[in-house]
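Scope of the values below: all heavy atoms of this structure, side chains included, with no hydrogens, waters or symmetry mates. Quick note on labels: first sequence line is chain A, next is B, and so on, each numbered from 1.
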Number of protein chains: 2
Amino acid sequence: MEERVKQIKQQLSAHNYKLTPQREATVRVLLENEEDHLSAEDVYLLVKEKAPEIGLATVYRTLELLSDLAIIHKLNFGDGVTRYEFRAEGAEHHHHHLICLHCGTVDEITDDWLGPIEKRVEKQFDFQIIDHRLTFHGICHRCKDQVKDPKKLVGSKVT
Amino acid sequence: MEERVKQIKQQLSAHNYKLTPQREATVRVLLENEEDHLSAEDVYLLVKEKAPEIGLATVYRTLELLSDLAIIHKLNFGDGVTRYEFRAEGAEHHHHHLICLHCGTVDEITDDWLGPIEKRVEKQFDFQIIDHRLTFHGICHRCKDQVKDPKKLVGSKVT
DNA sequence: ATTCTGTCGATATCGACTATCAGATAAGAA
DNA sequence: TTCTTATCTGATAGTCGATATCGACAGAAT
């Protein structure tokens, strides 16, 4: 934890940014909730608990900054809110997500299975891949008994 | 074209919806620009050319309706705008996209290469897949000569 | 001290989208 | 036809996430 805060501090100062108290509080919230996919609003509320004077704009600015420096990732699950996730250290690509259309839970696949497909894309379309995103929409193991007709769930969701 | 309009009319009436002049104009715009990924605003402006009296709300309602009936698909490329795309007839999954981080062009892969991966996900995570989305972010063949350092493009894009 | 740069919180503004509501339109019933 | 009812529409106000703006403030440089 302290280790990672220090590391982020160095990444910031490498680009002439300071780890201000507000930024540190934001980073700590992100670290403490690493397994979740927090929205800016979520982060704001959590940061307020330890630093009540912080402004929403500062949270947005900090998240944007961390995202610019590729310390965190912006995610979009189609619910109209940008979510943030720590970048796995050294990971070239971010991992994949399983979104349950019934309960909304987002699980993760940390393996990257797309190697062969990427090779195929690069060759067949002359497209140099920098990153990818793969999301599966369906019914998670927790909900499978409660859903009779999965086809009905296709609906108007953004995918 | 007329064929498909008629088919959509039947899909609507099967659910007790009418193909009103406004809805028909909207459908025709979508059909005429099938290769693009139009936003609601795009559709609105195009429909206005042939039916100037139409309101923005009606376009949104029509797109929502077509989406509910799984006639079109909502897409999200992370630019804060929902885009719409015709559903390939009978296609279970929609196709994949190649997004160029330099020029923003969105190309398509109409093949579905995820079969084996889906089997793996279903087995390993006990997750029943209904749909998926796969997007590659990188440099398209048109831009590859203009971009020296692709790493710089990673930046703060939503992915 | 004074200036400059970076950062801050509050808040106005933006843009995509949705809700509301009165009027239009179409489909039945009498 | 005429009345009734449900559906649909356009205008517009409101919502909500995100961004831009602004004056204030701290620390470094001169």
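Atom CD in B:E64 sits roughly 17 Å away from atom P in C:dA16 (whole-Å rounding). Atom OH in B:Y60 sits about 17 Å away from atom C1' in C:dT20, given to the nearest Å. Distance CG (B:D68) to P (C:dT18): 11 Å, rounded to an integer number of Å. With rounding to whole Å, B:L19 atom CG is found 13 Å from C:dA26 atom P.
No side-chain N or O of A:Q128 forms a donor-acceptor pair with one of B:H102 less than 3.5 Å apart.
Linking Ile, Leu, Val, Met, Phe, Trp and Tyr whenever their side-chain heavy atoms come within less than 4.5 Å puts A:L19 and A:V43 in one cluster.
In summary, B:K74 and B:E64 engage in a salt bridge, as defined by a charged side-chain N under 4.0 Å from a carboxylate O. Between B:R28 and B:E24, at least one side-chain N (NZ, or NE/NH1/NH2) sits under 4.0 Å from a carboxylate O, which counts as a salt bridge. The residues A:R120 and B:D111 are annotated as not salt-bridged, no charged nitrogen and carboxylate oxygen being separated by less than 4.0 angstrom.
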Quiz item: In the 5'-to-3' direction, what one-character label does each nucleotide of nucleotides 7-15 of chain C receive under the scheme B = base within less than 4.0 Å of a protein heavy atom, S = sugar-phosphate only, - = no such atom?
Solution: SBBBB----
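Nucleic acid contact class of B:S39 (heavy atoms, under 4.0 Å, all strands): none.
The hydrophobic cluster around A:L98 extends to A:I109, A:W113, A:L114, A:I117, A:V121, A:F125, A:F127, A:I129, A:L134, A:F136, B:L98, B:I109, B:W113, B:L114, B:I117, B:V121, B:F125, B:F127, B:I129, B:L134, B:F136, counting ILVMFWY residues whose side-chain heavy atoms fall within less than 4.5 Å of a member.
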